[in-house]
Structure formats: structure tokens, C-alpha cells
Undergrad: 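Okay, handing you the structure first.
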Amino acid sequence: LWPYLLTVSIPLDCREEQSSLSRCPSISQEKLLDRVIQHAELIYRVSEESCSLFEEMFVPFPLQLQRNQAGYACITKALPIPSSKSEIQQISDKWLLHSVLMLVQSWIEPLVYLQTTMDRYDGAPEMLLNKTKWVSEKLIGLEQGVVVLIKKMLDEGMMTTTYSEQGLFQYDVPPEMLESVMRDYTILSCFKKDAHKMEILLKLLKCRQTDTYNCA
């Protein structure tokens, strides 16, 4: 599956229009939204595989239970992102896009940090390291795609909704190995959850564009 994902992934760019992504003057809104959704789908799928692989390699089952029971908070918990079905249904298309953008931007720096910590693991499989790097790079592409989509759909200037990751994610002195494993496991688990949320919000937006009254 992993090599297949790399070959089928359509980059979020506008090469066929001979323009940079930051402009994309001629690509249609519908086509851009489809690309953004596909990007989000792949990111979620690979994040799910990465989390499972990390779990299998480094997190014994008792520690998985410990993490669940301890109720580790995700770094994006403080963001004003709608969580319940009723909240999501009530927000506008504008806030759907803003929510996705906030989630994407808040994860860019933590995933870069995750790459550096995984390099210290003994026996970390190359596939896990490659997947983490791939997701980190694709997240930047997703951010660019969402920003262009916002400009197209809302006719607004460049967004200024970047949240300071410094307030969400703190770079402490490297902890003991067990703490480091649990911290990285929490990062992967939380990112997988948020990647799924990005995908759901974007698909809801797509549904609203085509079938306003029947979007669950």
C-alpha cells in the first residue's frame, strides 16, 4: 500500500495551468476542492498506518491502556474547533475552512519535532520514518491548498489565522525514554484523530456544494 500511495498521490499544485499554487488563477474551485480532499484522505490513511506501526513497535498493550486511562490531552484541544455533530452542522462554510486551516497549521511544527525524536529510536523501521516525513511534507501542501481554496470560495485575502504553535506545543528537555515514547505516541494518536477531522470537514464542505439539504 505504501508505494501505491506515493504513486497515486496527486500533488496540490497547478502545473497544468503553468502557475504556482499560491496563485492558481485558472483551476476551478470544484477541482481544487477535490484535490484538497484527496490530499486529506491520504494524510489520514498514512497517519493511521504510522500510528499502528509505532504502537506495534514501541508501545506494549499495558501502556496503550495507560495512555487511554490517563486521558492525555491533544495539543489542539485549546483551538476553537467544533467537535459535536450539531456544532459542525451549524457553522458556515467559512468556519469549516478556517477550522481545517487551524488544524493543519497547528500540526506542522509538532510533526517536524516528531521526526527529530524518532531519529533517536533504536530499531525504528525506515518505513515509519519515511511515513512521518511524508505526512509532514504533505501537510504543508494541504495548508497551501486550503489557503487558495479560501481565497477562491470567500474572495478574501490571505488568511491570518495562523496559531502560534509555541503556545500549543512546548519543546522541553528530552524526557526519559518511556516518557518520550508515550509523548510521541500521543502526538501520533492525536494527529491521526485531527487528520480524520480535517477529512470529514472538507467532505462536508464538498457535500454542501452539491447537496445542501442532505449533508449529515
Undergrad: Should Leu139 and Ile37 be regarded as members of a common hydrophobic cluster, given that ILVMFWY residues are connected when their side-chain heavy atoms come within less than 4.5 Å of each other, either directly or indirectly?
TA: yes

Undergrad: Would Ile200 and Val135 show up in the same hydrophobic cluster when neighbours are defined by side-chain heavy atoms closer than 4.5 Å?
TA: no

Undergrad: Report the distance from atom CD1 of Ile108 to atom CG of Leu142, rounding to the nearest 0.5 Å.
TA: 9.0 Å

Undergrad: Measuring from atom CG of Leu97 to atom NZ of Lys152, what distance do you get when rounded to the nearest 0.5 angstrom?
TA: 13.5 Å

Undergrad: Which pair of heavy atoms, one from Val100 and one from Met198, lies closest together, and at what distance?
TA: CG2-O, 4.1 Å

Undergrad: Calculate, to the nearest 0.5 Å, the distance between atoms NE2 and CD belonging to His39 and Gln144 respectively.
TA: 8.5 Å

Undergrad: Applying side-chain hydrogen bond (donor to acceptor under 3.5 Å, both in side chains), name anything that partners Ser99, two or more places apart in sequence or on another chain.
TA: none

Undergrad: Residues in salt bridge (Lys or Arg N to Asp or Glu O under 4.0 Å) with Lys206, at least two apart?
TA: Glu30, Asp34

Undergrad: Side chains of Ile43 and Phe191, heavy atoms from C-beta outward: is any pair under 4.5 Å?
TA: yes

Undergrad: Quick one, Thr132 and Leu129 - any side-chain contact, counting heavy atoms below 4.5 Å?
TA: no

Undergrad: Listed by chain and number, what are the side-chain hydrogen bond (donor to acceptor under 3.5 Å, both in side chains) partners of Ser86, not counting sequence neighbours?
TA: Ser84

Undergrad: Just verifying a value: how many Å separate Ser106 OG and Glu143 CD, rounded to the nearest 0.5 Å?
TA: 10.5 Å

Undergrad: What heavy-atom pair brings Lys192 and Ser47 nearest, and what distance separates the two atoms?
TA: CA-OG, 3.7 Å

Undergrad: Sequence neighbours left out, what passes ring-ring contact (aromatic ring centres under 6.0 Å, His included) with Tyr44? Give chain and number order.
TA: His196

Undergrad: For the pair Thr210 (side chain) and Cys207 (backbone), establish whether a donor and an acceptor sit closer than 3.5 Å, ignoring hydrogens and angles.
TA: yes

Undergrad: Can you list everything that forms a side-chain hydrogen bond (donor to acceptor under 3.5 Å, both in side chains) with Gln115? Sequence neighbours excluded, please.
TA: Ser136

Undergrad: Assert yes or no for the condition that the ring centre distance of Phe58 to Tyr121 is strictly below 6.0 Å.
TA: yes

Undergrad: Taking the side chain as everything from C-beta on, heavy atoms only, tell me whether Leu188 gets closer than 4.5 Å to Met118.
TA: yes

Undergrad: Using the rule that two of Ile, Leu, Val, Met, Phe, Trp, Tyr join whenever any of their side-chain heavy atoms come within less than 4.5 Å, decide whether Val112 and Phe54 are in one cluster.
TA: no

Undergrad: Would you compute the distance between atom SG of Cys190 and atom NZ of Lys77 and round it to the nearest 0.5 angstrom?
TA: 10.5 Å

Undergrad: How long is the straight-line distance from CG of Asp93 back to CD1 of Ile150, given to the nearest 0.5 Å?
TA: 11.5 Å

Undergrad: Got a sec, which residues hit salt bridge (Lys or Arg N to Asp or Glu O under 4.0 Å) with Lys203, two or more places apart in sequence or on another chain?
TA: Glu41, Glu199

Undergrad: Would you confirm whether Ser28, through its side chain, and Lys31, through its main-chain N or O, come within 3.5 Å as a donor-acceptor pair?
TA: yes

Undergrad: I need the minimum non-hydrogen distance between Tyr113 and Asp184, along with the two atoms involved.
TA: CE2-OD1, 4.3 Å

